[in-house]
Amino acid sequence: MRVKKKLTWLLLLLRLPATHKAERVAIWRKLKKSGAIQIQTSTYVLPDEPARYESFQWLTQEVRSVGGDATLVRAREIEGLPNEKLIELFNTARAKEYATLRELLRALSHRRKTRSSPTFGDKLDRVRKQFREIRQTDFFNCPRAQDVEMLLRKMEGTQPGEASVPRVVTRDYRGRTWVTRPRPEIDRVGSAWLIRKFIDPKAKFIFAKKIPANGRVVSFDMLEADFSHQGDDCTFETLMKHFKLRDKRLEEIAQIIHDGDLEDNKFGRPEGKAIELITKGWGKMNWNDEEILRKGFELFDALYLTVGT
């Protein structure tokens, strides 16, 4: 992970009177809303930006107004917490918030399928508002943001009923460059393996947060991608349907990836969670994206030889 060399931090050290319970709760809520993370019992951190500095200034005044103590400090380094670790802590905090929204969206989608919900639009609007609020405090672009945004867009555009699967001509996708998001996990790794093994043997893979504007690449598992989640399907399943891949072992792998990626236990494949954890772990190691794919291809090669046997 590349980190800005001149990155600095704001530390808010505070102490509140134990008797002021209402004030303590109000200040805690404001700290949470600011996006600050707690690194010690009474120490909170934000990246050093003008808007964040102003937030901590207001909180400093509020703490003092109720008889507490507050000190605002600017620091270039925090002993024992290098910038990479601090960024990881921020992204972990935001990932938990995005995970909550993801569960809300899944529950909302399920209720919409099982019965008509006249309040569907209102509930979706509330989730969308919560998503925008989290994005405002997502200072380091947590990878989970795009997962939720993809779900939101899918639910905003999907009508009841099964979506049709357009036919594709496989030869049009040979010898192409394929793009997906960085730090691939189970669905992206599995989809890249499927592409190389069964669709485009000479496929080249690149990684980007947004689809390149040149229009010469094939995108998968990202916002507005050529191939991504569709209906209840993960990207691996979408690719199988578009390219008419009929193989019992691939179908089993698709079930494993679906349960690992979407975490809905649709197929009852607990091994999906294990593979998802492995690919997440790879993303936390000092491997580049190409190395993660190489390891993933070996994993899926082995899995293909063992499923269904």
Side-chain angles (χ1 to χ4, degrees), residues 1-2 141 143-151 153-154 157 163-247 249-258 260-262 272 275-276 278-280 282-283 285 287-304:
M1 179 188 300
R2 292 186 178 181
N141 294 315
R144 294 298 171 202
Q146 196 164 136
D147 293 339
V148 175
E149 191 166 359
M150 287 168 62
L151 271 175
R153 292 197 181 187
K154 181 175 73 173
S164 61
V165 179
R167 288 182 175 273
V168 296
V169 180
T170 303
R171 66 174 176 270
D172 293 340
Y173 291 87
R174 296 280 171 82
R176 302 289 296 274
T177 297
W178 299 71
V179 61
T180 191
R181 291 176 285 153
R183 315 315 288 161
E185 296 178 0
I186 185 171
D187 195 16
R188 277 167 283 156
V189 171
S191 295
W193 171 83
L194 184 72
I195 291 164
R196 175 72 62 78
K197 197 84 173 178
F198 296 93
I199 298 170
D200 182 3
K202 295 183 179 179
K204 296 180 180 179
F205 296 100
I206 61 173
F207 302 89
K209 293 180 179 179
K210 294 182 180 180
I211 299 172
N214 60 30
R216 293 191 295 271
V217 298
V218 185
S219 53
F220 66 100
D221 202 61
M222 56 196 310
L223 282 175
E224 301 178 351
D226 298 303
F227 303 101
S228 192
H229 290 209
Q230 185 171 345
D232 288 336
D233 294 338
C234 64
T235 300
F236 190 98
E237 293 170 296
T238 298
L239 286 164
M240 282 190 62
K241 289 180 179 179
H242 278 276
F243 288 93
K244 310 299 182 195
L245 299 175
R246 295 179 176 87
D247 179 315
R249 286 182 287 182
L250 286 183
E251 289 171 3
E252 287 204 40
I253 292 174
Q255 292 177 2
I256 292 169
I257 292 175
H258 177 105
D261 184 51
L262 299 179
I275 296 174
E276 169 73 346
I278 290 169
T279 55
K280 283 183 177 179
W282 289 343
M285 301 174 76
W287 295 350
N288 59 33
D289 297 323
E290 291 77 11
E291 179 68 7
I292 292 174
L293 281 195
R294 190 182 71 80
K295 293 286 187 182
F297 287 3
E298 292 176 355
L299 185 154
F300 281 104
D301 280 340
L303 190 61
Y304 184 75

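Every value quoted in this text rests on a predicted model; they were computed, and no experiment measured them.
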Approximate separation, where rounding is to 0.5 Å, of [X] [atom1] and [Y] [atom2]:
| X | Y | atom1 | atom2 | answer |
| --- | --- | --- | --- | --- |
| Leu239 | Gln230 | CG | CD | 10.5 Å |
| Thr238 | Phe220 | OG1 | CZ | 12.5 Å |
| Met222 | Thr235 | CE | OG1 | 11.0 Å |
| Asp233 | Leu262 | CG | CG | 8.5 Å |
| Leu223 | Asp147 | CG | CG | 9.5 Å |
| Arg171 | Asp200 | CZ | CG | 14.5 Å |

May I ask you to test the [X]-[Y] pair for a side-chain heavy-atom distance under 4.5 Å?
| X | Y | answer |
| --- | --- | --- |
| Pro212 | Val179 | yes |
| Leu293 | Glu291 | no |
| Leu245 | Glu251 | no |
| Val218 | Thr177 | no |
| Phe300 | Ile253 | yes |

| said: Let's go through Lys244 and Thr170 carefully: what are the C-alpha distance in whole Å and the side-chain angles of both, what is the deciding distance for side-chain contact (heavy atoms from CB on, under 4.5 Å) to 0.1 Å, and is it a yes or a no? | reply: CA-CA 9 Å; Lys244 310 299 182 195; Thr170 303; over 6 Å; no
| query | Side-chain donor-acceptor pair under 3.5 Å between Asp232 and His258, yes or no? | reply |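 No, because no side-chain N or O of Asp232 sits under 3.5 Å from a partner of the opposite role on His258.
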Where is the tightest heavy-atom contact between [X] and [Y], given as atom of each residue plus distance?
| X | Y | value |
| --- | --- | --- |
| Ile186 | Ile256 | CD1-O, 4.2 Å |
| Glu224 | Ser219 | O-OG, 4.3 Å |
| Arg216 | Arg176 | O-NH2, 3.9 Å |
| Ile257 | Gly190 | CD1-CA, 3.9 Å |
| Arg196 | Pro201 | CD-O, 3.1 Å |
| Asp221 | Arg181 | OD2-NH2, 2.8 Å |

| Aromatic ring pairing Trp193/Tyr304, orientation class (parallel under 30°, perpendicular over 60°, tilted between) |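 Geometry flag for Tyr304 against Trp193: tilted rings.
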| query | By ring pair (Phe, Tyr, Trp, His ring centres under 6.0 Å), which residues pair with Phe227, not counting sequence neighbours? | reply |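 Phe227: ring pair (Phe, Tyr, Trp, His ring centres under 6.0 Å) contacts with Tyr173, His242, Phe243.
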| request: I would like to know whether Glu276 and Lys280 meet salt bridge (charged side-chain N to carboxylate O under 4.0 Å, His left out); could you show each step before the answer? | output: CA-CA 6 Å; Glu276 169 73 346; Lys280 283 183 177 179; 3.7 Å; yes
| Derivation of the side-chain contact (heavy atoms from CB on, under 4.5 Å) call for Phe207 and Thr180 | CA-CA 5 Å; Phe207 302 89; Thr180 191; 3.8 Å; yes
| request: Could you tell me whether the side chain of Asp289 and the main chain of Arg183 form a donor-acceptor pair under 3.5 Å? | output: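 Yes: the side chain of Asp289 pairs with the backbone of Arg183.
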| task | Using the salt bridge (charged side-chain N to carboxylate O under 4.0 Å, His left out) rule, take Glu252 and Arg249 through it: C-alpha gap first, then chi angles, then the decisive distance, then the call. | result | CA-CA 5 Å; Glu252 287 204 40; Arg249 286 182 287 182; over 6 Å; no
| request: Decide salt bridge (charged side-chain N to carboxylate O under 4.0 Å, His left out) for Asp261 and Arg188; before the verdict, give the C-alpha distance in whole Å, the side-chain angles of both, and the deciding distance to 0.1 Å. | output: CA-CA 10 Å; Asp261 184 51; Arg188 277 167 283 156; over 6 Å; no
| field | Test: Lys295 cationic atom under 6.0 Å from Trp287 six-membered ring centre, within 45° of axis | value |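 Yes, a cation-pi geometry holds between Lys295 and Trp287.
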| field | Test log, rule salt bridge (charged side-chain N to carboxylate O under 4.0 Å, His left out), inputs Glu298 and Arg294 | value | CA-CA 7 Å; Glu298 292 176 355; Arg294 190 182 71 80; 3.0 Å; yes
| said: Determine whether Ile206 and Val217 satisfy the following criterion, side-chain contact (heavy atoms from CB on, under 4.5 Å), listing intermediate values before the conclusion. | reply: CA-CA 9 Å; Ile206 61 173; Val217 298; 4.2 Å; yes
| said: Under 4.0 Å between a side-chain nitrogen and a carboxylate oxygen: does that hold for Arg153 and Glu149? | reply: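 Looking at Glu149 together with Arg153, the answer is yes, because their closest N to O distance falls below 4.0 Å.
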